[in-house]
Amino acid sequence: MKLALITGGAGAVGAATARMLASDGFSVVLADRAAGPAEALAAEIRRDHGVEAVVEALDLADISTLGPMIGRVAARFGRLDCLVNNAGRTGASKIAEVDLDEWAAILAINLTAPMVLVREAVALMRGSGGGSIVNVASRVYLSGTGVGYTSSKSGLIGLTRALAVQLGKDGIRVNAVAPSFLNSPFNKGIVDANKGLADAFRKFTPLDRLGTPADVAGAIAFLASDRASFITGDVLHVCGGAQLAPQPV
Ligand SMILES: NC(=O)c1ccc[n+]([C@@H]2O[C@H](COP(=O)([O-])OP(=O)(O)OC[C@H]3O[C@@H](n4cnc5c(N)ncnc54)[C@H](O)[C@@H]3O)[C@@H](O)[C@H]2O)c1
């Protein structure tokens with residue numbers, strides 16, 4: 001049995017990832033504050049894939065809960081083969097509007113929680129013979145969209161590189177995926193505020209469509225698999241080529 005822990009496991013990308021990893025034979029832990037949707041997804045995964053699927057309902061911003069969660073995973077499953085740091089939030093867009101509480105909240109979820117989770121989980125992964133950590137960053141590290149969000153996701157890529165160097169000898173690979181603008185509820189607020197935005201993103205994307213949560217899940221499942229056995233410290237762009245176009249035209 002292989003086990004994957006997915007933060008934000010009830011959201012668009014997290015749920016697609018959980019389903020894909022389950023279809024690849026992973027049992028899954030869905031760590032999300034949205035307990036209801038997470039429980040419904042866990043039931044669906046148990047039914048459809050015949051693997052174990054459990055929920056850890058918690059607020060990732062409360063760092064004190066992360067160690068005990070990994071402790072429960074260790075007690076129940078005795079191993080951890082894959083950690084997907086997927087939960088994230090946006091905000092703090094323009095420098096003149098940055099609110100320090102919001103800035104701290106973005107960094108807490110997008111950067112601090114992934115770091116603490118890895119710190120807490122590394123012994124369990126080492127004991128499992130190694131594993132794969134996948135951090136969900138964003139194309140914004142290239143395009144520079146939104147002060148707090150871009151800073152947190154750029155930091156997450158820096159964390160990815162540092163961890164890849166430090167954990168390689170433990171057989172733990174650490175990579176990031178960098179999706180572009182997705183067709184998902186995550187963007188509802190900015191799409192509602194700017195009706196032309198989604199179409200603008202499609203137009204400068206060489207593959208001429210928006211990405212989907214399943215597109216991102218496919219890249220994560222690849223990095224989690226033995227097919228990526230010699231890949232670490234990398235950023236896989238899931239952008240339909242939009243990583244080559246720095247700004248919407
Ligand atoms: N949607 C996009 O366009 C896009 C593009 C690039 C990168 N990303 C990144 O992909 C990741 C997933 O995005 P998504 O589109 O699936 O978003 P989503 O809003 O659908 O899902 C996010 C999930 O994280 C959970 N979550 C958020 N804060 C939490 C907290 N403090 N504690 C516990 N759970 C928490 C939410 O409950 C939700 O289930 C994020 O890191 C996001 O930054 C998204």
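Whatever order the structure lists ligands and atoms in, that order sets their numbers, starting from 1. Values in this document were obtained by computation on a predicted structure and should not be read as measured data.
Residue Pro179 touches ligand 1 through backbone and side chain together, judged by heavy-atom distances below 4.0 Å. Residue contacts with ligand 1, taken as heavy atom pairs separated by less than 4.0 Å, involve Ala137 solely via the backbone atoms N, CA, C and O. Counting heavy atoms closer than 4.0 Å to ligand 1, residue Lys153 contributes side-chain atoms (C-beta onward) but none from N, CA, C or O.
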Item to check | Stepwise side chain to side chain contact (heavy atoms under 4.5 Å, CB included) check, Glu120 with Leu117 | outcome: CA-CA 5 Å; Glu120 297 295 335; Leu117 271 176; 5.5 Å; no
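Residue Ser138 has at least one heavy-atom neighbour below 4.0 Å for each of these atoms of ligand 1: 6 (C), 7 (C). Ligand-side atoms of ligand 1 in range of Asp59: 30 (C), 31 (N), 32 (N), range being under 4.0 angstrom from any heavy atom. Near Ile109, meaning under 4.0 Å from any of its heavy atoms, are these atoms of ligand 1: 31 (N). Within ligand 1, counting atoms from 1 as listed, the ones closer than 4.0 Å to a heavy atom of Gly88 are 40 (C), 41 (O). Remark: ligand 1 atoms within the under-4.0 Å shell around heavy atoms of Ser184 are 1 (N), 15 (O). Distances below 4.0 Å separate heavy atoms of Asn187 from the following atoms of ligand 1: 1 (N), 2 (C), 3 (O).
One hydrophobic cluster, built from ILVMFWY side chains closer than 4.5 Å, holds both Val174 and Leu80. Linking ILVMFWY side-chain heavy atoms closer than 4.5 Å, directly or via other members, places Leu66 and Met125 in a single hydrophobic cluster.
Residue Asn86 has at least one N or O atom closer than 3.5 Å to an N or O atom of ligand 1. Inclusion of Phe181 in the set of residues having an N or O under 3.5 Å from an N or O of ligand 1 is not warranted. Residue-to-ligand polar distances place Gly11 within reach of ligand 1: an N/O pair is separated by less than 3.5 Å. Annotation: Leu182 places an N or O atom under 3.5 Å from an N or O atom of ligand 1; distance criterion only. Polar contact check, Phe186 against ligand 1: no nitrogen or oxygen pair lies under 3.5 Å apart. Of the polar atoms of Arg33, at least one N or O is found under 3.5 Å from an N or O of ligand 1, judged by distance alone.
Between the side chains of Asp215 and Thr212, at least one donor N or O lies within less than 3.5 Å of an accepting N or O. Using a 3.5 Å distance cut-off with no hydrogens or angles, the side chains of Asn175 and Asp234 do not pair a donor with an acceptor. If you check the side chains of Thr7 and Asn86, you find no donor sitting under 3.5 Å from an acceptor.
When side chains are defined from C-beta on, Leu60 does not count as touching Thr65, because their heavy atoms never get closer than 4.5 Å.
Each of Val191, Leu210, Asn183 was checked for a side chain to side chain contact (heavy atoms under 4.5 Å, CB included) with Phe201, and the lone residue meeting it is Leu210.
Put simply, the side chain of Ser27 gets close to the backbone of Glu52: a donor and an acceptor are under 3.5 Å apart. Distance alone, capped at 3.5 Å, places no donor-acceptor pair between the Thr205 side chain and the Leu207 backbone.
Val13 N, 2.8 Å is the protein heavy atom nearest to atom 16 (O) of ligand 1. Atom 38 (C) of ligand 1 has Asp32 OD2, 3.5 Å as its closest protein atom, hydrogens excluded (heavy atom only). Looking only at protein heavy atoms, the nearest one to atom 10 (O) of ligand 1 is Val136 CG1, 3.3 Å. Counting only heavy atoms of the protein, atom 24 (O) of ligand 1 lies nearest to Gly8 CA, 3.3 Å. Nearest protein heavy-atom contact of atom 42 (C) of ligand 1 is Tyr149 OH, 3.5 Å. The nearest heavy-atom contact from the protein to atom 32 (N) of ligand 1 is Leu60 N, 2.9 Å. When hydrogens are left out, the protein atom nearest atom 20 (O) of ligand 1 is Ala12 N, 2.9 Å; that is the closest non-hydrogen contact.
Salt-bridge annotation for Glu56 and Arg72: present, with a side-chain N of the basic residue lying under 4.0 Å from a carboxylate O of the acidic one. Using a cutoff of 4.0 Å between basic side-chain nitrogens and carboxylate oxygens, Arg33 and Asp62 are not scored as salt-bridged.
Distance CD1/Ile190 to CG/Asn187: 4.5 Å, rounded to 0.5 Å.
Residue contacts with ligand 1 include Leu58, since one of its heavy atoms falls under 4.0 Å from the ligand. The shell of residues lying under 4.0 angstrom from ligand 1, judged by heavy atoms, includes Ser180. No heavy atom of Arg139 sits closer than 4.0 Å to any atom of ligand 1.
The cationic atom of Lys153 (NZ for Lys, CZ for Arg) does not lie both less than 6.0 Å from the six-membered ring centre of Tyr141 and within 45° of the ring axis.
Shown here for Ala87 and Gly8, the closest heavy-atom pair between the two residues is CB-N, 3.6 Å.
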